[in-house]
Amino acid sequence: MGHSLYDKHSAAMKMEQLLRRELGTVVLEETGYSGSGWISQGKSYITDAGWVFVKVNPRAEARRMFLGEVASLDAILETNTIRVPKPIKVLDLEGGGSALAMEHVQMDSIKQSAVLGEQIADLHLHNQKLGEKLKKQENTIGMGAGQSKLQCVEKYGFSTVTCCGYIPQVNDWHSDWVTFFTSQRIEPQMDLMEEQSGDREARELWAHLQLKVPDMFKSCKIVPVLLHGDLYGGNIAEDQFGPCVFDPASYYGHSECDLAISGLLGGLGSSFYDAYHNKIPRADGFERRQLLYQLYHSLNQWNHFGAEYREPSVAIMRALVQ
């Protein structure tokens, strides 16, 4: 017992030394505020520059995961559409694992669901509006394309690997959305499932389903949008300034993707959807595509947590092949 307490004290001292050095702070005091998810643990500290929240993960792949989160947070911040914590630095822990220091946000439960819906819609509309603005500038005498630092993204993917949970998402740029989603979202999850369980029914269902996927998008015009990537009740909150989202796993994809995981895990009320669809109306086939997008998150849960999450994934595929 005493040895365990000593180990904890020693780990806390090493963390304190690391934070003082890497954050360049003299003041470093724990606030007593902590937060934990199913992937990482975190706590807040008072520093020379104010409150800082530090997430810690002991896994070898944690650095890749946190670097993807930093890129996601930076990308969302640049849109100036919805509040996210500002990332500060990714730190390597002695003995393995990594930490991510970011702005501390005093989070409360979400009350302004409609505002959140509007702001997520604004996030999703940002790239399209930017493209329209740049095109207008190009067509204006004296306003060449080279005069703008901003760039409209015209493909699907992201600048780096991001992780949904701790499983990496391949984000290689692709001009075709259906190919991107099947080859870089569903297929990697199916391959992981195959390695871990070799589930024959799931593999056969996917073989049938992937032939039907293109038909789900025939009447659907898709513009690449910056996605949060893991948008459900566990990753939303609000502070004194309004709604805030965190723990993103971003990439440029179809706007409908961001609405899917909440259908599995909940947390976004009807006022959110009403406000969102007031700005981005539902397209024909929305419900069927939601099932397809939920399949990705369901497979992701299966690969994270094991066989108890098999049935939801298989049930979605059964429904979609009918």
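Keep in mind that what you see is a predicted model, and the values were worked out from it rather than measured.
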Using salt bridge (Lys or Arg N to Asp or Glu O under 4.0 Å) as the criterion, list what pairs up with E238, not counting sequence neighbours. none
Stacked cation flag R185 on F180, 6.0 angstrom / 45 deg: no
Scan residues 39-53 for pairs that pass salt bridge (charged side-chain N to carboxylate O under 4.0 Å, His left out), counting only residues two or more places apart or in two chains. E30-K43
Check: H297 ring centroid to Y232 ring centroid under 6.0 Å: no
Going by an N to O cut-off under 4.0 Å, is there a salt bridge joining E311 and R318? yes
Donor-acceptor pair, T162 side chain versus S250 backbone, under 3.5 Å? yes
Would a distance-only check, ignoring hydrogens and angles, find a side-chain to backbone donor-acceptor pair under 3.5 Å from N171 to Y251? no
Under 6.0 Å between ring centres, would you say that holds for Y45 and H104? no
Below 6.0 angstrom between ring centroids: does that apply to H304 and Y309? no
Taking the ring of Y156 and the ring of F181, is the distance between their centroids below 6.0 Å? no
Residues E29, R20: salt bridge by 4.0 Å N-O rule: no
All salt bridge (Lys or Arg N to Asp or Glu O under 4.0 Å) counterparts of D247, not counting sequence neighbours: K55
Among T79, D258, T81, find the one that has a side-chain hydrogen bond (donor to acceptor under 3.5 Å, both in side chains) with H124. D258
Search all heavy atoms of L93 against all heavy atoms of N57 and return the closest pair with its distance. CD1-O, 4.3 Å
Of all the heavy-atom pairs spanning L295 and S313, show the shortest one and how long it is. CD1-O, 3.6 Å
For the side chain of E103 and the backbone of P87, is there at least one donor-acceptor N/O pair under 3.5 Å apart? no
